[in-house]
Structures are given as structure tokens and as C-alpha cells.
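By convention in this document, chain letters (A, B, ...) are assigned in the order of the sequence lines, proteins followed by strands, and residues within each chain are numbered from 1.
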Amino acid sequence: MYDLRTLRDNFDAIRNQLGPRGIDVPWDNIRTLIDQRRSLTGQAEQLRHELKKGSEDVAKLKREGRPADASMVAMKAVGERIKTIEDELRVVEETLTNLNLHIPNLPHPSVPEGKDSDHNVETRRWGTPPSFGTPAKNHWEIGEALGILDFDRAAKITGARFAVLMGAGARLERALINYMLDLHTTQHGYREVLPPFLVNRSSMTATGQLPKFEEDLFRLRDEDFFLIPTAEVPVTNLHRDETLTENALPLRYTAFTPCFRREAGSYGKDTRGLIRLHQFNKVELVSFVKPDQSYEELERLTGHAEAILQGLGLHYRVVTLCAGDTGFSAAKTYDIEVWLPSHNHYREISSCSNFEGFQARRAGIRYKGLSGKKDARMEFVHTLNGSGLAVGRTVVAILENYQQPEGSVMIPEVLRPYMGGMDRIKKE
RNA sequence: GGAGAGGUGGCCGAGUGGCCGAAGGCAACGGUUUGCUAAACCGUCGUAGGGGCAAAACCUCUACCGAGGGUUCAAAUCCCUCCCUCUCCGCCA
């Protein structure tokens with residue numbers, strides 16, 4: 001969603017910069033609606049002014065005990081014209097807002113051009129892949145053999161794309177959550193939040209999941225609530241419709257939540273294992289910062305997600321998404337991809353984005369300097385978030401990268417305190 | 001689920017049809033006073049949209065008293081619907 005004045009004044013520039021991302025946007029329609037809105041607003045305001053003055057005259061006449069019938073009749077007519085124009089204006093504004101909510105964010109100049117993931121740019125690598133004498137087993141073979149993963153029973157309980165973790169597997173998931181939260185809160189300066197996992201339509205609209213991506217979400221039947229697809233939604237909405245004081249920024253939060261995604265349109269992809277589930281756990285990082293600090297913050301935040309992988313000793317690379325692969329609301333995104341030996345390639349485990357003012361505008365999250373100062377005017381904050389990390393995929397990476405020839409799995413050093421001292425997962 | 005109360009500016013709080021964008025207080029900010037701090041005093045103190053201006057300052061118009069409709073010449077105030085908060089009862093981890 002764009003500020004209408006900005007959109008009007010920079011119409012062609014925005015359209016051009018959006019390039020292929022703006023292919024679905026009905027530009028001409030929007031331009032017409034903006035002009036109509038302006039013209040109708042002007043008419044309505046002028047008439048309301050007339051009505052206001054006329055009503056004051058009526059009040060005055062009545063106070064003086066003089067007849068006011070003529071004015072009242074005239075004003076009734078004005079009132080009716082206002083109503084007609086306002087009806088028209090309402091339709092124009094609703095249509096325009098709805099279209100505006102469908103325009104994606106502008107990519108940052110540093111984002112590589114390109115239409116799909118083939119044009120993403122590898123930015124750095126960390127560590128080295130482990131070497132195995134025999135071909136690496138995939139995580140579900142390892143997990144099922146160890147008795148810590150059960151997909152058949154999950155399918156019985158719910159359906160496809162769900163998993164049951166048991167014993168040391170469940171413990172490993174819990175250990176990872178605690179390790180991540182502890183690191184982010186004690187070393188990286190984030191405040192822990194445990195938000196609701198169900199949110200309303202306004203929250204989903206503010207962060208950009210709605211109105212365009214409703215089919216990706218689980219929605220309750222009896223209430224207009226949605227299961228969160230990421231903690232980004234409730235945590236960013238923590239400050240919806242708030243004006244923050246300048247010295248409260250930056251605000252940094254970390255939250256553990258389950259995430260629920262319908263995965264519509266991904267039939268046949270990653271059908272086995274923990275990679276793509278309808279429900280998975282994630283620890284999220286969310287920042288609210290002043291606009292001039294958001295790109296610095298993106299680097300920091302990405303680094304915080306990387307620190308988790310470094311602590312676990314997992315090889316990964318960081319990829320800068322090209323314009324076409326960057327999500328709807330984001331201006332710039334780094335994906336962190338962890339090495340998976342069974343696939344012999346990298347797999348997304350975190351996605352860190354700067355949304356600039358895009359979400360803040362939808363969400364009404366502003367900040368204001370101390371009043372009295374010259375530059376005390378209100379401005380939208382910039383919001384950022386990133387996974388730190390997707391927990392299920394971290395389990396995948398650990399099982400695969402730390403698998404041993406005889407079938408057990410070593411537990412990374414940093415997790416052992418969280419595992420009651422356990423140093424490897426053996427068949428139970 | 002049943003019964004009731006309520007939502008006004010950053011906060012508290014007045015306002016039951018017109019002269020109300022909204023008294024008063026607190027907080028904040030600028031200043032005077034002061035050895036410093038405090039107190040006191042003076043002043044400033046909403047957001048958004050349109051227009052004027054090259055533009056900032058500024059001027060002007062319009063909207064906004066939980067949201068959306070309605071009644072009326074005129075709505076914070078009356079009516080309807082919805083949302084949210086609180087209290088009591090029931091149920092429940």
C-alpha cells in the first residue's frame with residue numbers, strides 16, 4: 001500500500017521500479033480512481049462548508065426568534081447532494097484502497113534484478129559441509145529408524161504434512177527453541193514475547209498476508225480469525241496504531257510460536273519429512289527502527305540468525321533474493337540456506353527482510369521525536385523480521401549433518417545442556 | 001452461554017442537539033524567575049485529507065470523540081448494527 005499523494009506524484013516512477021512485480025497491478029484504473037477521489041473530495045468539502053454555514057444561520061435565526069424555514073429547506077437540498085457525492089466517494093475509496101493493498105513493495109536499489117530464484121545472488125558462505133564415507137541418509141529415514149519421528153501416526157491423527165516428534169526428537173525441538181530464545185534474549189538484545197497464535201483480519205492486513213494471500217492461511221469457521229503463518233504477524237501488530245517515541249527505538253522482539261500454513265499450490269513438493277508441514281515451530285526476530293537505520297538493522301538481524309547456525313556448527317550460505325523472488329511486503333530479503341547432505345544442496349532455514357515503511361503504513365506504526373524539536377513530525381517506522389530460526393528445519397539439518405554411520409545422531413555441544421547432558425540420540 | 005456497565009486528545013476527565021476540535025487537570029516542550037534542583041508564572045501542545053505557496057514556515061477549508069450506518073437544517077450528544085474493555089453468574093485449563 002502506498003501513500004496516495006506519493007503514488008500520484010511518482011506514478012510512473014513507481015510503476016517502472018516495480019517492473020515485473022507490478023505486472024498484476026491495474027495501473028490505469030488506479031490513476032483514474034485517484035483523480036476521481038480528489039475531485040469528489042473537493043466537491044464534498046465545499047458542500048459541507050456550505051451546509052455548516054447554513055446551519056449556523058439557522059441557529060442564529062432561531063435564537064433571534066425569526067423564521068428559518070427557507071434556510072432549512074435550502075440546507076436539506078445541500079445535505080442530499082452531499083449524501084449523493086459521499087456515496088460515490090465511498091465506492092471510489094473502497095475500490096482504490098483495495099487495489100492499493102494489492103500493490104507490492106518497492107525493491108531496494110541494492111536488490112538484484114531478476115524474475116525468479118535463478119537470479120538470486122549468493123552473498124556469503126560459512127563453514128564447510130560434513131563428509132560421509134557412505135551416502136548420507138535423509139532425515140526422515142534417520143528419525144524413523146531412531147523412533148523419534150512418526151509421520152504415519154501424524155497422518156492418522158490429522159492428515160498429510162503433519163509430524164509427531166517423540167522422545168529425544170521432541171526434546172531436541174524443545175532444546176532448540178530454548179537455545180535460540182536464550183541466545184537472542186541474552187546476547188542479541190531482543191525482548192521475548194509470547195503472542196496469540198490466532199489473529200484477526202486487521203492484523204493480517206497490516207503485515208501484508210491479506211488481502212492477497214488468504215488462500216495460504218488457515219481460517220476459523222465461526223470467527224474471522226486466522227492461524228498465524230509466522231510470529232511476524234502478531235509481533236509486528238504489537239504496535240499497530242501506536243505512535244512510538246523516538247527514543248524508544250529501536251524495539252527488538254523475539255518470539256517462539258507454531259506457524260500454520262495451508263501450502264496451497266505446493267502439491268507434490270517436499271511431500272516427505274519435516275521440510276514442508278502445515279504446522280511448524282519457529283523462533284522469530286522482529287525489529288522496529290528509524291528509517292535511516294533499517295538497512296544496518298537488516299545486516300544485524302541476519303547476523304543474529306546466522307549466529308544460531310554457527311553455534312550449532314551447521315554449514316550455510318546467505319542468498320540475496322532478486323526482485324522477482326522477494327516477497328510481496330519486503331523491500332529486501334536475505335535467505336539463509338543450510339546445507340542438507342541428503343539433497344547435496346542448500347535449503348532455506350531463515351528469511352530476513354526489511355519491509356521499510358510498507359507494513360508500518362498499513363499498520364499505522366509511527367514515531368515522533370520529542371515535541372518542541374524542529375523535526376518532531378510523525379513518520380512511519382521501518383519494520384524488519386527474520387526467522388531465527390525455523391525449528392523443524394533445524395532439526396532436519398542436525399539429523400542429517402550429525403548422522404553417524406551406525407545410525408545415531410550427535411548432538412551439537414551448545415544443545416547438550418538443554419538435552420539433560422545427552423550427547424547423542426540413539427535408538428530408544 | 002446469561003445479566004449489567006462502559007469506550008472522548010499522550011494520560012485523567014467534563015460535556016445529552018447548534019456558539020464543541022472539544023472545558024479543566026496531569027504529562028511533555030519553549031521561556032521567565034533561580035547559585036543548582038524544585039516550585040511558581042507565561043506560552044506552545046492532535047492526526048489526516050484538500051486548496052493557496054517554487055518550497056519550508058505559514059494561511060485556509062474539510063474530516064475525525066471505538067467502527068460503520070441512520071434521524072435532523074444541524075450529532076461527541078438521539079436511533080440501529082458491529083467491535084472491544086470491565087463486573088457478576090454459569091462452564092472450563
### Message
In whole Å, I'd like the distance from the CD atom of Q43(A) to the C1' atom of G51(B).
### Response
15 Å
### Query
Looking only at side chains, do D182(A) and Y418(A) share a donor and an acceptor under 3.5 Å apart?
yes
#### Entry: Cationic N near anionic O, under 4.0 Å, R66(A) to E64(A)
yes
### Message
Just the rounded figure in Å: distance from C1' of G50(B) to CG of L89(A).
### Response
12 Å
### Residue-phosphate contact under 4.0 Å: K52(A) side-chain N/O, G18(B) OP1/OP2
no
### Side-chain donor-acceptor contact under 3.5 Å, K332(A) with S353(A)
no
#### Entry: Rounded interatomic separation in angstrom, taking CD from E242(A) and P from C11(B)
10 Å
### Message
Rounded to whole Å, how long is the line connecting atom CZ of R362(A) with atom C1' of A48(B)?
### Response
19 Å
### Task
Could you tell me which nucleotide pairs with U47(B) by Watson-Crick or G-U wobble geometry, both distances under 3.5 Å, or answer none if nothing does?
A63(B)
### Query
What is the base-pairing partner of C41(B), counting Watson-Crick and G-U wobble geometry with both distances under 3.5 Å?
G31(B)
### Message
Tell me which nucleotide, if any, is Watson-Crick or G-U wobble paired with C92(B) when both distances must be under 3.5 Å.
### Response
none
### Message
I'd like to know if D57(A) and K60(A) make a salt bridge, using a cut-off of under 4.0 Å between side-chain N and carboxylate O.
### Response
no
## Note on the structure
Taking a pair to mean Watson-Crick or G-U wobble geometry with both distances below 3.5 Å, A3(B) pairs with U87(B)
#### Entry: Check ion pair E80(A)-K83(A) (N to O, under 4.0 angstrom)
no
## Note on the structure
Per side-chain contact (heavy atoms from CB on, under 4.5 Å), R347(A) is matched among I336(A), V396(A), D270(A) by D270(A)
### Query
Between R37(A) and E93(A), is there a side-chain N and carboxylate O pair less than 4.0 Å apart?
yes
### Query
If you find the nucleotide of RNA chain B closest to R8(A) and the one closest to R63(A), which residue's nucleotide is nearer the 5' end?
R63(A)
### Message
Considering every strand and a 4.0 Å limit on heavy-atom distances, what is the contact class for R361(A): base, sugar-phosphate, or nothing?
### Response
nothing
### Message
Please list, in numerical order, the residues of residues 31-38 of chain A that have a heavy atom closer than 4.0 Å to any atom of RNA chain B.
### Response
R37(A), R38(A)
### Message
Less than 3.5 Å apart, any donor N or O on the side chain of E297(A) or S287(A) sitting next to an acceptor on the other?
### Response
yes
### Task
Measure from CD on E246(A) to C1' on A28(B) and round the result to the nearest Å.
15 Å
#### Entry: 5′-ward residue of the pair E50(A)/L4(A) relative to RNA chain B
L4(A)
### Task
May I have the distance from Y367(A) (atom OH) to G10(B) (atom C1'), rounded to whole angstrom?
18 Å
### Query
Mind checking who G18(B) pairs with, Watson-Crick or G-U wobble, both distances under 3.5 Å?
C73(B)
### Task
Could you run through nucleotides 67-85 of chain B and give me one letter per nucleotide, 5' to 3': B if any protein heavy atom sits under 4.0 Å from the base, S if only the sugar-phosphate is that close, - if neither?
--S-S-BS-----------
### Query
Heavy atoms under 4.0 Å, any strand shown: does R366(A) hit a base, just sugar-phosphate, or nothing?
sugar-phosphate
### Message
With a 4.5 Å cut-off on side-chain heavy atoms, are T254(A) and F256(A) touching?
### Response
no
### Query
H49(A) side chain N/O closer than 4.0 Å to the phosphate oxygens (OP1, OP2) of C61(B)?
no
### Message
Just to be sure I understand the rule, does D3(A) reach a base, reach only the sugar-phosphate, or reach nothing, if contact means heavy atoms closer than 4.0 Å?
### Response
sugar-phosphate
### Query
Does a donor on one side chain and an acceptor on the other come within less than 3.5 Å for T32(A) and Q36(A)?
no
## Note on the structure
note: D9(A), atom CG; A54(B), atom P; distance rounded to Å ~ 16 Å
### Query
Is there a donor and acceptor pair closer than 3.5 Å between the side chain of E45(A) and the base of G51(B)?
no
